[in-house]
Every structure is written in C-alpha cells, then in structure tokens.
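Beneath this line is the structure, given in structure tokens, with notes to follow.
Worth knowing before you read on, the calculation uses all heavy atoms, side chains too, and leaves out hydrogens, waters and symmetry mates. All chains are named by letter (A, B, ...) in the order of the sequence lines, taking the proteins before the strands, and each is independently numbered beginning at 1.
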Number of protein chains: 2
Amino acid sequence: MNDLSDGFDLGARLKALRDSHGMSQRELAKRAGVSNAIISMIEQNRSSPSVGMLKKLLDGFPMSLAEFFADDLKPRPQIFFAASELVELAGGAVSYRQVGKDMTGKAIQLMHERYQPGADTGGQMLSHEAEEGGVIIRGRLEVTVGDQVRVLGPGDAYYFDSRIPHRFRNVGTEECEVVTANSPPSF
Amino acid sequence: MNDLSDGFDLGARLKALRDSHGMSQRELAKRAGVSNAIISMIEQNRSSPSVGMLKKLLDGFPMSLAEFFADDLKPRPQIFFAASELVELAGGAVSYRQVGKDMTGKAIQLMHERYQPGADTGGQMLSHEAEEGGVIIRGRLEVTVGDQVRVLGPGDAYYFDSRIPHRFRNVGTEECEVVTANSPPSF
DNA sequence: GGGTGTCGATAAATATATTAATCACATTAT
DNA sequence: ATAATGTGATTAATATATTTATCGACACCC
C-alpha cells in the first residue's frame, strides 16, 4: 500500500524544504502544531497529508501552498557571462542583450537593454503570459501599462503582469539603459 | 467539527471550478475515480481532502495542483516605483533595494543592490529554492557559486540555481552596483 | 396522475491519516 | 565507558476521510 504517489514526490519535496531550513522533524512539528510522527510518515510517502495538514506544515516555514506546488526548477549550465557573451536578440534602435542562450527550462529571462533616443518597442502594445520588471540605469524611459503611463529615470523601477498590454519608449535625449527580468521567459 | 478551514475556502473553490466546467458532482466523481459523496463533503468543507484526493479531482478537469493554488494570493499590483520607493532590505555594507513591498504571489524579486568596497554576503554560503541572475552595472563583484569563482565587471552577468551554495563580494575599490532577479522571491 | 432520470445531501461501514508513546541509532559530555 | 541528549522511524490507539447505499427534491416525459 506504499507509493501513494501524488504524481510528484511530495515527501522528498517536504524533506528538502525542511532540510534547507535546517529544521528537525520535531522542530517543524512543534511549529506546525502536529506530531513529529506524521512528518516522518509523510516524508516517506507513507501518508498523504490532507490539504489542511500540509497548510499547517508550510505555515511553519513560512511558505504558501501556491509556492509549494510551484513548478519545479530545472538544471542549469552556464553561470558566468561576460558582457560580450550576452546574446543580442533584436539589435535595432532597441538592443536586447540576454543573459544566457537557451531559456527553455529557466525561471527568469534576464536582459540588459539599451534604447536609442526616441526608440520604442513598436506601435502595437505587447502582451504575453508572464510577469516582468525592470530597473532604469541611465536615461529616461516612458513606460505604458494598460491605461497608465509614467516616465522613469535612473534608479526608478517597474513591475507588472505582462498580460496587461504594455510599451516602452525612450523619451530622453541620451541612450537609455535598463536591466529587465521576465518570468517565465517570453521571447 | 465543521469549519476545518484551510485558510481559504477550498470547498467553494472546487465547486466554482466544477461549475465553470458545467460538470455535476457525479460526473466529476466518475472522471476522478472517486465517490460523489466525498465531493459533496469537500465542497461543504465538511472534509479536508488529502493531497492525493485533490490531485485525482483536479486530474478530471484537467488542472495541476500548482494551478489550483496559483491564484490564492492576488495582491494589488503597484506598477511604477520611484527610486526612493524601492524598499531597503538589509541596509549595511550591502544594500538590497527591492522593487515592490510584498513579494508573496509575485514571480520575480527584482532588486537594485549596492556593495561597499570589501562588503560581502557573509561568511557562510547562501542556499535557497530558486533561480537567480544579475547584471553588474558598476564596480567589480566576485561571484562564488559552488566551487566556481569569478570576478565580474560592468556589463557582465551571472545566472544559476540558488540551491547551489553561493556568495557575493565586492573586490574592487569603488562601490559595486548590481541589478538582480530572483524567481521565486527568496527573502 | 405515475414513471424515470438527475441532482446534491446524508448515515453507517470501512479505509486511512494522525496522535501519543515508544524504539533504535547516532553524537556529545561527563 | 556511560549517561544524556538529539535524530528519524515505528507501533497501537484514536480521529478523520472516504465509500457504499440511500434519501428527498426537482425536472421532464408519457
């Protein structure tokens, strides 16, 4: 009657989480207000916890159910990237220099972008399933998200759901430099 | 014995899902290979389903556990952030200025970081469940990931699985400025 | 009116999860 | 050495989830 697998290894997942927080079964049990025995059982997949039980356990970290079930992370190759190794995606008036070559399986798409004066992301608004944010390093960037518009300068930042139609434009007289992140990668 | 609330109304959630698919309790029960009675119980929050049970039910739609729990945290989204609005997380020799206040439910944790000359992230290596990357804006940053070390300069970048023990240190004589992204947020 | 089908809810029976109290094995201190 | 802790695992007792079978209510058909 073992291996009541839920499709993924919930036990191992919980154990990894607990270990990464340097917590013992008993310590977690105390925090969550449950017995230590059940934690042992769950980690061996000898018991399938109720959602309420799992919630209690995650409260001890803390971590939400959503985060717990969030899709697993994948393997990764290259760690360091010289400035010259960033891959140029577009290369016109707007330069997208991406950290990493193949984004499949990655959680974040990190880019170093440069907008020439007057350059923008095109006439039509962009929209895709992701979240994105950025920090302005140099210059002035007009950011349009839905019906909101704002001009951001060095040190300013933005963050929004990429499904909302959006657009970027350099409204300054100098080149504009931005570091952006998309999750999941969207190009 | 009622109101075994899991923190959110799982019963209503399931019912809404089922209704939106125009499915009866019995039909879902058949698809999921469980009894219709338990669905009635669960929807009334008179029973807290095991994770395995919930998985079976969601397989009938189909929907993953991750998706089911995905949008239980839907905070108000601030889009634009003035430089002064970035929230300072640590504030010592290393400054972490985060884009956004509450990261729960967000996909990316975007930060504008500054390391004073000689500053580092502490003696012990960091490790957490996420992926992270960054682009160096100014100065020189020594990045240690696992057994690999590298000094990066302006325009250089890094990207790795945060579970690999890592460390950052400003080995230059001037302040070092970096824009980083974590997914999921890890502080 | 009496069928026939479906719906969601409920009761008693059964399977399973969870607890409280151990056990067996390490490491550390005396 | 040996006691004293701390760890994860196990067992019998109990609480709870889940099933099987049933109920009353509503709709449709003849």
Side-chain angles (χ1 to χ4, degrees), chain A residues 1-65 68-69, chain B residues 1-65 68-69 72 124 127 129 163 165:
Chain A
M1 199 210 290
N2 255 5
D3 185 47
L4 30 86
S5 67
D6 308 286
F8 64 88
D9 197 340
L10 192 148
R13 182 78 201 263
L14 179 61
K15 174 162 169 52
L17 234 176
R18 183 174 60 78
D19 286 343
S20 77
H21 285 244
M23 216 178 290
S24 72
Q25 289 182 345
R26 284 178 162 81
E27 190 178 345
L28 173 56
K30 191 176 176 184
R31 284 209 200 198
V34 302
S35 76
N36 55 293
I38 190 57
I39 297 181
S40 175
M41 301 284 269
I42 291 171
E43 289 188 352
Q44 297 172 83
N45 286 324
R46 290 164 51 81
S47 169
S48 175
S50 73
V51 175
M53 165 67 61
L54 183 57
K55 172 86 167 50
K56 281 192 204 170
L57 292 175
L58 295 182
D59 282 346
F61 284 129
M63 168 175 264
S64 73
L65 287 162
F68 183 80
F69 287 109
Chain B
M1 198 220 288
N2 254 5
D3 186 49
L4 29 86
S5 65
D6 307 287
F8 65 88
D9 197 341
L10 192 149
R13 183 78 199 261
L14 179 61
K15 175 164 169 50
L17 233 176
R18 183 173 61 79
D19 287 343
S20 78
H21 285 243
M23 216 179 288
S24 72
Q25 289 183 345
R26 283 179 159 83
E27 190 178 347
L28 173 57
K30 191 176 176 185
R31 286 209 199 197
V34 302
S35 75
N36 54 293
I38 190 57
I39 297 181
S40 175
M41 301 284 273
I42 291 172
E43 289 188 352
Q44 296 171 275
N45 286 323
R46 291 166 50 81
S47 171
S48 175
S50 73
V51 175
M53 166 66 63
L54 183 57
K55 174 79 165 53
K56 282 192 200 168
L57 292 175
L58 294 181
D59 282 346
F61 284 128
M63 169 175 266
S64 73
L65 286 163
F68 183 79
F69 289 110
D72 60 348
Q124 61 185 6
S127 175
E129 283 270 348
R163 288 175 299 193

What heavy-atom pair brings B:Met23 and B:Gly60 nearest, and what distance separates the two atoms?
CE-O, 4.0 Å
Given the rule in the salt bridge (charged side-chain N to carboxylate O under 4.0 Å, His left out) test, do A:Glu27 and A:Arg18 qualify, once you have shown the distances and angles that lead to the verdict?
CA-CA 10 Å; A:Glu27 190 178 345; A:Arg18 183 174 60 78; over 6 Å; no
Given D:dG8, D:dT18, C:dT19, the nucleotide with the shortest approach to the side chain of A:Val34:
C:dT19
Distance-minimising heavy-atom pair for B:Pro49 and B:Ser47:
CD-O, 3.4 Å
Donor-acceptor contact below 3.5 Å, side chain A:Ser48 vs main chain B:Gly52:
yes
Atom CG of A:Leu10 and atom C1' of C:dA17: how far apart are they, to the nearest Å?
14 Å
To the nearest 0.5 Å, tell me how far A:Lys56 NZ sits from A:Ser50 OG.
7.5 Å
Would you say C:dT6 has OP1 or OP2 under 4.0 Å from some side-chain N or O of B:Ser24?
no
Counting N and O atoms only, with roles assigned by atom type, does the side chain of B:Arg26 sit under 3.5 Å from a partner on the main chain of B:Asn36, one being a donor and the other an acceptor?
no
Quick test: give all pairs of protein nitrogen or oxygen and nucleotides 10-13 of chain C nitrogen or oxygen below 3.5 Å, distance rounded to 0.1 Å.
| residue | atom | partner | partner atom | Å |
| --- | --- | --- | --- | --- |
| C:dT10 | OP2 | B:Gln44 | NE2 | 3.3 |

Distance in angstrom units between A:Lys15 NZ and D:dG8 C1', rounded:
9 Å
Rounded to the nearest angstrom, tell me the gap between atom CG in A:Asn45 and atom C1' in C:dT16.
15 Å
Would you check, one step at a time, whether the test side chain to side chain contact (heavy atoms under 4.5 Å, CB included) holds for B:Leu17 with B:Leu58?
CA-CA 9 Å; B:Leu17 233 176; B:Leu58 294 181; 4.1 Å; yes
Under 4.0 Å between any heavy atoms, over every strand shown, what does A:Ser35 touch: base, sugar-phosphate, or nothing? Just pick one.
base
Check every atom of D:dG8, D:dT19, C:dT18 against the side chain of A:Ser50 and return the nucleotide holding the closest atom.
C:dT18
So how far off straight is the helix from C:dG1-D:dC30 to C:dT30-D:dA1, going by the axes through five pairs at either end, to 10°?
10°
When you measure from the side-chain N and O atoms of B:Gln25 to the phosphate of C:dC7, is any distance below 4.0 Å, counting only OP1 and OP2?
no
Please give, in whole Å, the distance from C:dA17 C1' to A:Glu43 CD?
16 Å
Which sits closer to the 5' end of DNA chain D, A:Met23 or B:Gly33, going by the nucleotide each is nearest to?
A:Met23
Taking every non-hydrogen atom, the tightest pair across B:Met53 and B:Val34
SD-CG1, 3.7 Å
Counting primed atoms plus P, OP1 and OP2 as sugar-phosphate and everything else as base, spell out the protein contacts along nucleotides 23-29 of chain C at 4.0 Å heavy-atom distance: B, S or - for each nucleotide, 5' to 3'.
-------
Separation of A:Ile42 atom CD1 from D:dT10 atom P, in whole Å?
15 Å
Determine yes or no for a side-chain-to-main-chain donor-acceptor pair under 3.5 angstrom, with A:Asn45 supplying the side chain and A:Gly11 the backbone.
yes
Just by modelled atom types, is the B:Leu57 backbone N or O under 3.5 Å from a matching donor or acceptor in the B:Arg31 side chain?
no
Measure the distance from CG on B:Leu28 to P on C:dC7 and round it to the nearest whole Å.
12 Å
Quick one: CD1 on B:Ile42 to CD on B:Gln25, what's the gap to the nearest 0.5 Å?
10.0 Å
Can you name the nearest heavy-atom pair linking B:Phe69 to A:Leu65, along with the distance?
CE2-CD1, 3.5 Å
